[in-house]
Amino acid sequence: MSDPISALLLGILEGLTEFLPVSSTGHLLIAERWLGARSDFFNIVIQAGAILSVALVFRQRLWSLATGLGDPGNRDYVLKLATAFLVTALVGLPVRLAGWQLPETVTPVAWALVFGGVWMLLAEGFAARLPDRDSVTWKVAVGVGLAQVVAGVFPGTSRSAAAIFLAMLLGLSRRAAAAEFVFLVGIPTMFAASGYALFELARHGQLAHEAWSDVGIAFAAAVVTGFVVVKWLLGYIKHHRFTGFAVYRLALGAALLLFLPAGH
C-alpha cells in the first residue's frame, strides 16, 4: 500500500477512535501491523488533528465561556476546567519524566481494553442509580484530572473512557454533561502533551526526515473524521448508554490477546 493511502487510513482511524471510549492506541497498534509503523512525530500530529476537531465542534461553547467570564456560572466552569488541566499537568508531568508508563505493546493494551470494558459496564450501572445531575463539582474536576493521568500511564485505557466514567461516579451523572466537560478539558491537555512531545523530538533532532505530505494528509483526515465522530457521539449519548462501546472493548481486547503475538 502506498504511503499516502496508509497515511490517510491512519488519520481516519485516529479521528474515529481518539474521543470514543474505545482506545485509539489499541486500534493504531493493530493498524500498524498492516499499514506500517510511523514516527512519533506523525502520531503526535494526527492526535493534534483529532484535538482540533473537538475544538471546532465546541467552538461556540468555547467562545461563550471566553467572552462570558463576567457570568458567575461561566467563571466557575472555566475555573473547574483549569483545575482539571492543572491536576493533569502537575501530576502527569512528573509521572512522564519518571518513565512510569506501560509499553504500547499487545499484552498491556489488550488487558487495559478488557478491564476498561468491565469498568465501563460497572460504572455506568452504578451511575444510573444516582440522581440526574449536570453540575460540575470540584471533586469531579480533580477526579477528571487524575483519570487523564491514569490513562496516560496505562495505554489502551482510553482517556475519554477513564475520565467520563469517573466524572459520572463522582456525581456528574448525566452522560452528555460528563462528556462535554471531559472533551473540553482534553483540548488544552492534549495540545500541551502534543506540544511537549514535539519539543522533545525537535530537541533531539528527530524532525529532519519526515514525509510532510503524508503528515498533512493524515492530519486533515483526523480533523474531518474526528469532527463527524464527536458530533455523532454527543447526539448518541443523549439517548443511549455506553454499553455497546464496553462490549466492543471486551471483544477487541480478547481478540488482541488471542490472535496477535505479545510484544508486537
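Below, each value reflects all heavy atoms present in this structure, side chains not excepted, and no hydrogens, waters or symmetry copies.
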Original post:
Cationic tip of Arg61 within the cone over Tyr77's six-membered ring, i.e. under 6.0 Å and within 45° of the normal?
Top reply: yes

**OP:** Indicate the atoms forming the closest heavy-atom contact of Ile46 with Ala218, along with that distance.
**Re:** CG2-CB, 3.3 Å

Original post:
Do Phe19 and Val229 touch side chain to side chain, with heavy atoms closer than 4.5 Å?
Top reply: no

Subject >> Test item: Ile187 and Leu62 side chains (from C-beta on) under 4.5 Å apart, heavy atoms >> reply: yes

Original post:
Atom CZ in Arg175, atom CZ in Phe165: separation rounded to 0.5 Å?
Top reply: 9.0 Å

Original post:
Just by modelled atom types, is the Arg133 backbone N or O under 3.5 Å from a matching donor or acceptor in the Ser173 side chain?
Top reply: yes

Subject >> Side-chain touch Thr243/Glu124, heavy atoms, less than 4.5 angstrom >> reply: yes

**OP:** Compare all side-chain heavy atoms of Leu20 with those of Trp232 and state whether any distance is below 4.5 angstrom.
**Re:** yes

Subject >> Parallel, tilted or perpendicular: ring planes of Phe245 versus Phe242, cut at 30 and 60 degrees >> reply: tilted

Original post:
Are Ile5 and Leu10 joined in one hydrophobic group, where the rule is that I, L, V, M, F, W and Y side chains link up if heavy atoms are under 4.5 Å apart?
Top reply: yes

Original post:
Does Phe58 reach the side chain of Leu234, with side-chain heavy atoms less than 4.5 Å apart?
Top reply: yes

Original post:
How long is the span from the CD atom in Glu14 to the OG1 atom in Thr225, to the nearest 0.5 Å?
Top reply: 10.0 Å

Subject >> Minimum side-chain heavy-atom gap Ile164-Met168 below 4.5 Å >> reply: yes

Original post:
Just wondering, do Pro108 and Phe154 contact through their side chains at under 4.5 Å, heavy atoms?
Top reply: no

Original post:
Counting heavy atoms not belonging to Phe126, are there more than 12 under 6.0 Å from its CZ?
Top reply: no

